Amino acid sequence: MRRTHHCNALSAGDVGSEVVLMGWVQRRRDHGGVIFVDLRDREGMTQVVFNPDREPAVHRKAHGIRSEYVLGVRGVVERRPEGMTNPELATGEIEVMVSELKVLNKARTPPFLIENKVEVNENTRLQNRHIDLRRPVLQRNLMMRHKAAAAARAFLNDQGFLDIETPFLTRSTPEGARDYLVPSRLNPGSFYALPQSPQLFKQLLMISGFERYYQIVRCFRDEDLRADRQPEFTQVDIEMSFAGEDDVMYVAEGLIAAIFRDVLEMEVKTPFDRMTYHEALSRYGLDRPDTRFGLELCDISDIVAESGFNVFAGAVKKGGIVKALNAKGCADFFTRKEIDDFTEFVSVYRAKGLAWIRVKENEWQSPITKFFTEAEKKDMAERLDMEPGDLVFFGADQSAVVNEALGHLRIHLARKLWLIDDSVYRFVWITDFPMLEYDEAEKRYQALHHPFTAPAESDMEKLETDPLSVRSRAYDLVLNGSEIGGGSIRIHQKDLQIRVLEALGMNREEYAEKFGFLISALDSGAPPHGGIAFGFDRLMTILCGSQSIREVIAFPKTQKGACLMTDAPAGASRIQLDELGLKVVRPK
RNA sequence: GGGGGCGUAGCUCAGUUUGGUUAGAGCGCCGGCCUGUCACGCCGGAGGUCGCGAGUUCGAGUCUCGUCGCUCCCGCCA
């Protein structure tokens, strides 16, 4: 018995032909006489029929069929009787009258129904992932993922990029995330690190003269998990020589357009909008703004700096800011309880409070109105476009706190107010990032992107004198408020690289030990180069319309980094540990 | 490291507020009947370590403490 068709393939045009289908039993409907079975494979479903009048022996055998049995059936395609077609099913006009049945395998009763709509505990799903993956939505997600990867490869191949592999067993990089370590048996006491990204290797490939590189590659970061974060994740990694920002962005836009074309059959408009980091924070509070809706933040620090409301005036005096968010027409949309919940919501981001004003016809209903002069009120009303029916929220604190709190509140409000159109894909490049930020905990500067990002030409001389004001040549691609890619033009000159490493507080000995190979390579004829990496899982989460990155990964890990199918991670045997020269000290 | 939610039949959940008879429902499963269903229908049945462990109590699914797992978020991480 050899399969002739997939279960989505047959239609009225095939009536009369003998076919062989193979697949899983979605459902069996036994009428005592005739038995119907919905046979499912990865492509679709076909109803197959066992009729006692026509094939008594086969019909008898069909009684034993149960859900998820694997069947091979031979039969003739027949048009369904008048009025018996199923418009819900692609193959609903026909059915296969079975003349030969092979039970290829039996199956335990599945732990849950193989259907999209059944909401099953994630625990149960992950323990039975092979069954979970039979659900149509996950089959679709992984097929879309395949299509996207194929589209990316086709596009990049066509643009002259070479797919070159880089090592997984590599060296720990000190910046950024925690590394996964792999002990070396041949060098007891020494460890490989799994790459957080192939960053340095792709730069070395540019120095080697490959000019255009890409790789769809697994990366590893040993940090706590989130709905959009897994300890191992996939990047579409790109690097190109003799390229500036515009060149990389042009390729990136083409790549994204190709993926949307092949996966969603949708044309995205390029080039994408660009916005500076500064503008993003100022208008949206976050460096990954969701630009599908308005509700922008507005700075009123200057208006309230001298006001009698000490929370506002005091924040400004301490170097902070006061920003507002006008929810137009929402004065009566939210109850007092809901407004209190928003205060609770922003407290997560360390905001100490959330002031608000309900704009009524003749008054401002708010606990804080009394603190402001008429002039201040007038300025505020003008700046914030306050009209009767509006509800305005205020945050006052250090700018980082205000921006983060109101930035997240903005999204929270937009969801509640149904301001977000899920069918829209809004891209925006974020540019002109600061090169460095000050790490209060470690009392030193840190690279915002990574230490190989080039500073902006015009800011170069401030590297030593005013490091925080130096902008970098980095860029992030943001889609619907989610960062899906980021990259930069790299430093390709040894002297500049050393200056940057020193600005990060590294001494000669330190950088020589950690990055000696890179510095030496930069000195060997390194071309100007830059690149970008896309978070493939995150992109797929958006393309699939999923809520979690786990819905686009075949075998994801739980929040504690466990694989519930294989029970990884697991202990190691004494022999293994001895070979590696390791001793496990269990924390109490 | 911290905060929130969840954990009761194979699955989804009710019951927990106010401790008290034999812990229920839908779906699934098993058996019987049924020749045109497609969430087939009808009849009958089985199925429970109330996550786990202590404690309070005459009595705990319900109260207390601890612990494990899943999840969302903060920190962390681009």
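So that the names make sense, note that chain A is the first sequence line, chain B the second, and so on, each numbered from 1. If you're wondering where the values come from, they're calculated on a predicted model, not measured in any experiment.
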Donor-acceptor pair present, N123(A) side chain and C70(B) base, under 3.5 Å = no
Side-chain donor/acceptor of R229(A) to base of C77(B), under 3.5 Å = yes
If the plane angle is over 60° it's perpendicular, under 30° parallel, otherwise tilted; pick one for Y349(A) and H408(A).
-> parallel
OP1 or OP2 of C70(B) under 4.0 Å from side-chain N/O of K560(A) = no
Output, in order, the C-alpha distance, side-chain angles, deciding distance and verdict of salt bridge (Lys or Arg N to Asp or Glu O under 4.0 Å) for E232(A) and R218(A).
-> CA-CA 6 Å; E232(A) 51 179 312; R218(A) 199 69 56 84; 2.7 Å; yes
Which parts of nucleotides 27-33 of chain B does protein reach within less than 4.0 Å, heavy atoms only, written one letter per nucleotide 5' to 3' as B for base, S for sugar-phosphate only and - for none?
-> SSSSS--
So, is R29(A) near the phosphate of C40(B), with a side-chain N or O under 4.0 Å from OP1 or OP2?
-> yes
Hey, is F36(A) doing a stacking thing with U37(B), by the 5.5 Å centroid and 30° angle criteria?
-> yes
In terms of side-chain heavy atoms of R226(A), which of U35(B), C77(B), G75(B) is nearest?
-> G75(B)
Over 12 non-hydrogen atoms of neighbours within 6.0 angstrom of CZ in R29(A) | yes
Phosphate-side-chain proximity, Q559(A) and C72(B), N/O vs OP1/OP2 below 4.0 Å = yes
So, does R538(A) use its side chain to make a donor-acceptor pair with the main chain of I484(A) at under 3.5 Å?
-> no
Interatomic distance, NE2@H412(A) vs CG@L325(A), rounded to 0.5 Å, equals 12.0 Å
Under 4.0 Å between any heavy atoms, over every strand shown, what does N121(A) touch: base, sugar-phosphate, or nothing? Just pick one.
-> sugar-phosphate
No-H, no-angle donor-acceptor pair, E95(A) side chain to G36(B) base, under 3.5 Å = yes
Would you indicate what L448(A) reaches in the nucleic acid, counting non-hydrogen atoms under 4.0 angstrom: base, sugar-phosphate, or nothing?
-> base
Under 6.0 Å between ring centres, would you say that holds for H31(A) and F36(A)?
-> yes
Should R125(A) be listed as having a side-chain N or O under 4.0 Å from OP1 or OP2 of C11(B)?
-> no
